[in-house]
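Data first, discussion second: the structure below is written as structure tokens.
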Amino acid sequence: MSPARLLAAALLMLLPAPWARAAEADSIRLSAGLPPTFRRPEVVVYPLLDQRQLVVEAGEGGRIEALPPPEAWSAFLGELRGARNLSVQMPNLTVRAITEDLSYRRALELADSTADRAFRDYRDVRLDAAAEGLEAAVDTYVKLEHHVVAPRVVARAALTRGLALLESGQPVVAERAFRRALTLDPALRLRPGYDLPQAIEALEAARAALVADGPPAPDDFSARVPLAPQYAGGYVLRARALPDRLEVVIRSAGGVSLEVQPYGDDPVDAGSRLASRVRACLPFGRMPRPEGYRSKLFLEAGFDAYAFAENPVGAFPNVGVAVHLSWIAAPHFSLDFHGSISNGERDPQEHLRRDIDSVRLMFGPGYAWSDPRFRLFGQVGVEVATMGAVIITTNPACKYFDPDDQIPDVLCDFDTDIDMTDRVWLVGPALSVGGSVRLVDQIFLAMRLTGATYLVESDDNGFGLPLGGSIALGYRLF
Amino acid sequence: MRSSGPFDRGLAAMRLLAVILLPLVLAACGPEREFSGIWRQTACGDDLSQPDCGGFVYELHIGRYGDRLAGVVVRYVHDRGGFDSFQRPKECGCFLIESGGVADDEGLLFTLYDAVTPRYPQPDTEDGDLGCPRTRLDECAGRRFDIDGDDEALVGVTDCGEEASAERLDIAFERVVGTPRTECYERRGTAP
């Protein structure tokens with residue numbers, strides 16, 4: 001193997017390989033225990049619609065014996081209840097959640113009054129008004145999900161509408177109303193000897209047709225009826241029991257899926273299997289994403305003062321204005337920019353014959369520690385600076401006289417006794433340390449010490465190693 | 001005893017920063033310019049009540065740069081009538097200060113450059129043209145001023161340096177407001 005390939009192989013072995021970490025199985029995650037912050041999918045289970053009762057013949061007085069829930073349904077609920085990764089709202093709690101809603105209560109009063117008025121119309125043989133009013137009442141009940149709370153009440157209203165339609169000579173429309181009534185409450189029956197024989201016959205015909213065709217699922221089992229807003233982020237389970245099987249519809253904002261489970265010989269096992277398939281359709285849940293660090297941006301503006309530790313004339317102050325931007329991008333990590341414009345004073349001997357203007361720009365990463373009131377920081381970066389033209393002479397006569405003053409060269413030779421350097425550009429590493437104290441709200445006072453050394457110079461004017469500091473007022477932008 | 005909280009610790013840190021920062025700025029002191037300006041002679045010799053110094057009075061135009069200095073010394077004919085002697089028509093010689101003049105916070109010490117050859121407003125000017133006295137027009141070669149004082153007055157001596165025969169005269173100056181001259185010759189085209 002060539003050395004290059006050997007090196008590449010070694011690098012590949014050292015590189016972190018995200019694909020090498022196998023996805024953790026749900027069972028392992030469950031057995032390891034879920035933390036309190038684990039986000040469980042919210043699953044809302046509606047009461048079972050037991051359509052097995054459609055095939056039950058009525059006894060004396062039109063009553064039918066109430067069937068106990070299928071064992072498979074009980075096993076299904078038990079299995080779901082035990083799922084630690086799900087937040088399951090059981091059917092009784094779903095009913096309670098519907099009835100405790102304030103808008104439900106207000107709308108229910110309106111629907112009840114509409115139904116009462118329609119029932120009176122039916123008794124007073126105002127059949128058209130009764131049919132119209134009952135249709136409106138049933139629609140409102142369904143919209144409120146009152147048929148989940150009290151299916152018999154809603155089904156009775158639908159049945160009465162069918163009777164009104166039948167008596168007004170509209171048997172076809174009446175048949176649809178009977179079907180709807182039976183869909184809402186499969187145990188609904190008319191009472192022989194009390195209700196009209198034609199009505200009993202029509203209802204029984206509708207029931208027979210439903211049984212023969214296979215009872216349809218109610219509309220709210222499908223995507224045709226939108227999910228209630230409060231369940232928009234969760235999963236709704238609507239289930240119905242048929243004579244030979246259990247069907248569960250899983251509704252969510254993402255769509256609808258159907259799981260069908262025959263009862264078989266072991267209904268408990270069937271319920272468990274169905275629950276497993278439903279769980280497989282539901283997301284496992286997720287760990288809350290760790291909250292990202294909220295970055296901060298500080299802006300400072302103030303005064304800057306420094307002196308060149310390396311200089312040919314002796315120390316002199318440079319004073320100017322400065323601006324500093326510090327972006328705390330991660331805990332204790334900052335990206336900083338410091339800029340200053342300053343003007344140099346004269347040195348004590350006034351060898352400098354003109355002020356030196358300087359512009360210094362520093363940028364680089366840094367360390368920052370802070371508590372609510374104080375911050376300490378330090379930065380290491382690169383400084384780019386420019387200094388204006390420099391004119392230097394050590395001869396006092398050259399400082400006092402002008403070339404026009406016609407003084408002898410022995411006192412001052414203006415051609416040789418004065419050194420001049422044009423504007424220079426300088427680049428080098430820079431260091432800055434300091435601290436700040438919050439004064440009020442987001443306003444703070446900051447002080448920092450700065451230093452730099454220049455490694456790259458467009459020309460050597462003799463100045464270097466600026467040491468100094470700044471004092472500034474700052475504001476936290478975010 | 002009160003325990004120090006974070007606020008006190010922060011202020012202490014700020015003070016420490018200030019203590020470090022302040023000397024840096026203060027160490028970079030500005031230029032020393034004391035004694036720079038115009039000084040007119042007020043007394044000479046034993047009789048400090050009159051400024052006559054051998055028929056002349058001196059006016060110093062000084063520029064101080066740290067511990068060095070440069071400038072011009074203008075000599076005028078003393079007006080015994082009590083009128084202002086420091087008038088351009090009474091100018092009788094102008095001298096440049098020799099390199100090597102020194103200054104400190106106490107005073108000045110300097111020598112005239114080429115003192116035996118006074119300069120006049122125009123290079124070809126004759127002594128008589130200015131009405132200068134016919135005697136003692138030249139200075140001794142090493143004319144030196146050693147004067148101390150403060151920002152208002154300078155007192156000291158003037159002598160001829162190393163010359164054995166040098167006379168040594170007490171001399172005093174006072175500051176006047178004005179812009180120091182930087183030339184002996186009048187610039188071409190300017191009025192005398």
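What you see is a predicted model; the values in this text were computed from it and never measured. Within every chain, numbering begins at 1; the chains are lettered A, B, ... in the order of the sequence lines, protein sequences first and strands thereafter.
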Cut-off 3.5 Å, no hydrogens considered: what does the side-chain donor-acceptor table look like for residues 422-435 of chain A, sequence neighbours left out?
{"residue": "R423(A)", "atom": "NH1", "partner": "T386(A)", "partner atom": "OG1", "Å": "3.0"}
{"residue": "R423(A)", "atom": "NH2", "partner": "D357(A)", "partner atom": "OD2", "Å": "2.9"}
{"residue": "S432(A)", "atom": "OG", "partner": "Q379(A)", "partner atom": "OE1", "Å": "3.3"}

Exercise for review: Take Y400(A) and H61(B), measure what side-chain contact (heavy atoms from CB on, under 4.5 Å) needs, and give me the verdict at the end.
Suggested key: CA-CA 10 Å; Y400(A) 187 80; H61(B) 296 257; 3.5 Å; yes
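- The shortest non-hydrogen separation linking R119(B) to P408(A) is NH2-CD, 3.4 Å.
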Exercise for review: Output, in order, the C-alpha distance, side-chain angles, deciding distance and verdict of side-chain contact (heavy atoms from CB on, under 4.5 Å) for Q349(A) and Y65(B).
Suggested key: CA-CA 5 Å; Q349(A) 302 290 331; Y65(B) 306 97; 5.5 Å; no
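- Within a 6.0 Å radius of CD in Q442(A), more than 12 heavy atoms belonging to other residues, nucleotides or ligands are found.
- Here D405(A) contributes atom CG and T182(B) contributes atom OG1; the two are 3.5 Å apart, rounded to the nearest 0.5 Å.
- Remark: F401(A) pairs with no residue by the ring pair (Phe, Tyr, Trp, His ring centres under 6.0 Å) rule, at least two apart or across chains.
- Contact check for Y113(B) versus V410(A): side-chain heavy atoms found under the 4.5 Å cut-off.
- Considering only heavy atoms from C-beta on, S99(B) comes within 4.5 Å of L411(A) through its side chain.
- Heavy-atom minimum distance, T394(A) versus R68(B): O-NH1, 4.2 Å.
- Surrounding OH of Y293(A) are more than 12 heavy atoms belonging to other residues, nucleotides or ligands, all under 6.0 Å away.
- The two residues P396(A) and A70(B) make their nearest non-hydrogen contact at O-CB, 3.4 Å.
- E350(A) has no carboxylate O lying under 4.0 Å from a charged side-chain N of R64(B), or vice versa, which leaves the two without a salt bridge.
- Ranked by heavy-atom pairs under 4.5 Å with chain A, the list S36(B), P180(B), G101(B) is led by P180(B).
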